[in-house]
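Keep in mind it's a predicted model, so treat the numbers as computed, not measured.
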Amino acid sequence: MFPSSRQIKIQAKITMAGSLSRWLIITVLFVVGNLVANYLVGGIGTPVAWYIADRPDLVSGITIKGDEIWVLSRFDMAGVVMGFLTSYTTLKRYCLFFGAAFLLLSPLKMGLLELYWKGFRGQEVSVKGVLNWYIKPGRFAKAVIVELIVGGGGWLLGILAAAPSVLFLISMGGFASGNTSLMSLVALIYYTLLFVGLLCGFYCYTLLLPLAYCLAAQPGYSLGKVVQRGFASVQGYRKKFFYFRLSMLPWNIISRLTGGMADMYIFPYLSFASLEFLQEVAKEKQKRAEAPTVDIRV
């Protein structure tokens with residue numbers, strides 16, 4: 001019988017505590033690296049808002065004024081224009097610092113996940129092994145590409161998931177303006193679309209997440225095999241894994257609210273819990289494969 005989410009989480013905490021000394025230093029290094037990177041990268045732009053009554057000239061779209069770039073969304077229903085201001089100079093700086101931080105931290109993160117995996121399996125590990133993700137041929141590239149697929153894909157899916165609700169609000173806002181009942185209906189549909197869209201985006205993200213754990217467990221796999229085995233690792237249990245990760249969403253929210261400082265505990269906990277879940281899936285599949293078949297032919 002497949003264990004409950006609560007049982008998996010309890011076992012993950014026990015395993016995590018038992019191998020604490022093996023991964024603590026690298027976890028601290030990774031979290032501090034993320035905090036420093038976030039500080040250096042800075043923001044990509046500035047969110048702004050105006051009342052339509054004050055700026056009736058503003059319309060939805062992208063406007064370029066010299067070095068400045070304005071991305072605006074006009075919500076007639078709410079009587080406001082939401083905007084995002086940036087510039088070519090800011091974008092260049094952001095891409096430069098973000099790219100450097102991404103290339104530096106992606107192999108470190110994969111090395112940390114490998115430490116978690118070995119600690120989870122009760123294997124002897126060395127902190128120096130993390131350096132292999134920087135110096136061994138192919139490992140650095142695989143770590144960067146997989147992190148780009150999982151992390152970048154997660155962000156892209158989130159944006160795409162939220163797009164239909166925003167487009168609906170923009171297109172229907174002017175039509176419903178002045179009609180209280182219609183405005184309430186449009187708002188209800190908007191929030192429903194947004195909620196459903198974000199759930200779909202998170203579900204797609206949980207489909208990509210096992211790729212990272214697969215590479216951490218098997219660094220010698222080719223990218224093709226990582227993708228194949230990663231997707232296969234949750235085959236038949238994708239909904240369970242989605243609900244499992246969804247149950248831990250409050251931890252992700254705490255991570256955001258603390259600016260990443262709480263990741264000192266949250267990142268290893270979520271990783272060990274996910275590894276525990278995938279391990280249980282593997283055990284369940286093995287039991288089914290070893291189960292004797294019954295010939296019912298007469």
Subject >> Audit row: Y205, V150, side chain to side chain contact (heavy atoms under 4.5 Å, CB included) steps and yes/no >> reply: CA-CA 7 Å; Y205 169 70; V150 177; 3.9 Å; yes
Subject >> Non-neighbouring partners of Y265 that pass ring pair (Phe, Tyr, Trp, His ring centres under 6.0 Å), sequence neighbours left out >> reply: W251, Y269
Original post:
Which value, rounded to the nearest 0.5 Å, describes the distance between I26 atom CD1 and W23 atom CH2?
Top reply: 12.0 Å
**OP:** Taking all heavy atoms of P268 and all of M16, pick out the closest pair and write down the distance.
**Re:** C-SD, 3.7 Å
Subject >> pair L199-F195: side-chain heavy atoms closer than 4.5 Å >> reply: yes
Original post:
Under the 4.5 Å side-chain heavy-atom rule for ILVMFWY, direct or indirect, which residues accompany I14?
Top reply: I10
Subject >> side chain to side chain contact (heavy atoms under 4.5 Å, CB included) partner of V130, chosen from L115, L112, I25 >> reply: L115
Original post:
Can you name the residues that form a ring pair (Phe, Tyr, Trp, His ring centres under 6.0 Å) with F30, not counting sequence neighbours?
Top reply: F267
Subject >> Point-to-point distance, once rounded to the nearest 0.5 Å, from CG of L105 to CG of N34 >> reply: 5.0 Å
**OP:** Supply the members, apart from M1, of the Ile/Leu/Val/Met/Phe/Trp/Tyr cluster built from side-chain contacts under 4.5 Å; use none for a lone residue.
**Re:** none
Subject >> Counterpart residues, ring pair (Phe, Tyr, Trp, His ring centres under 6.0 Å), relative to F277 (two or more places apart) >> reply: F2, F241, F244
Original post:
Does any donor atom in the side chain of R238 or T206 lie under 3.5 Å from an acceptor atom in the other side chain?
Top reply: no
Original post:
Under 4.5 Å between side-chain heavy atoms, hopping through other hydrophobics if needed: is there a path connecting I253 to L270?
Top reply: no
Subject >> Residues forming a side-chain hydrogen bond (donor to acceptor under 3.5 Å, both in side chains) with E147, sequence neighbours excluded >> reply: K109
**OP:** Quick one: pull up OG in S274 and CD1 in I8 and give me the separation to the nearest 0.5 Å.
**Re:** 9.5 Å
**OP:** Establish whether Y134 and M110 are linked, either directly or via other cluster members, by ILVMFWY side-chain heavy-atom contacts under 4.5 Å.
**Re:** yes
Atom pairs and distances, donor-acceptor, side-chain atoms in residues 223-234, under 3.5 Å, two or more places apart:
residue : atom : partner : partner atom : Å
R229    : NH1  : Y221    : OH           : 2.8
S233    : OG   : G230    : O            : 2.6

**OP:** Working to the nearest 0.5 Å, report the span between CG of L215 and NZ of K142.
**Re:** 6.0 Å
Original post:
When rounded to the nearest 0.5 angstrom, what distance separates CG in L29 from CG in L24?
Top reply: 11.0 Å
Original post:
Under 4.5 Å between any side-chain heavy atoms of T258 and I266, yes or no?
Top reply: no
Subject >> L160: hydrophobic cluster co-members (side-chain, 4.5 Å) >> reply: L156
Original post:
Should W117 and Q218 count as side-chain neighbours, where that means a heavy-atom distance under 4.5 Å?
Top reply: no
Original post:
Could you give the distance from CZ (F242) to CZ (F202), rounded to the nearest 0.5 Å?
Top reply: 7.0 Å
Original post:
If every non-hydrogen atom of P107 is compared with every non-hydrogen atom of L104, which pair is closest and at what distance?
Top reply: CD-O, 3.7 Å
Original post:
Counting only heavy atoms not in Y191, do more than 12 fall under 6.0 Å of its OH?
Top reply: no
**OP:** Inspect the surroundings of NZ in K285 and state if more than 12 heavy atoms from other residues, nucleotides or ligands are less than 6.0 Å away.
**Re:** yes
Original post:
Do L148 and L211 sit in the same hydrophobic cluster, where Ile, Leu, Val, Met, Phe, Trp and Tyr count as joined when their side-chain heavy atoms come under 4.5 Å apart?
Top reply: yes
Original post:
Is V196 reachable from Y203 through a run of I, L, V, M, F, W or Y residues, each pair having side-chain heavy atoms under 4.5 Å apart?
Top reply: no
**OP:** Identify the heavy atoms of S271 and L113 that sit nearest to each other, and give their distance.
**Re:** OG-CD2, 3.6 Å
Original post:
Does the side chain of E280 come within less than 4.5 Å of Y237's, by heavy atoms?
Top reply: no
Subject >> All side-chain hydrogen bond (donor to acceptor under 3.5 Å, both in side chains) counterparts of Q11, not counting sequence neighbours >> reply: T15
Original post:
Taking E68 for the side chain and K65 for the main chain, is one N or O donor matched with an acceptor at less than 3.5 Å?
Top reply: no
Subject >> Contacts of type side-chain contact (heavy atoms from CB on, under 4.5 Å), residue V31, not counting sequence neighbours >> reply: T27, L35, D263, M264
**OP:** Using the test side-chain hydrogen bond (donor to acceptor under 3.5 Å, both in side chains), find all partners of W133 that sit at least two apart in sequence or belong to another chain.
**Re:** E114
**OP:** Check salt bridge (charged side-chain N to carboxylate O under 4.0 Å, His left out) between K9 and all other residues, then give those that pass, not counting sequence neighbours.
**Re:** none
Original post:
Honestly curious: do L96 and Y39 fall in one hydrophobic cluster under the side-chain, below-4.5 Å linking rule?
Top reply: no
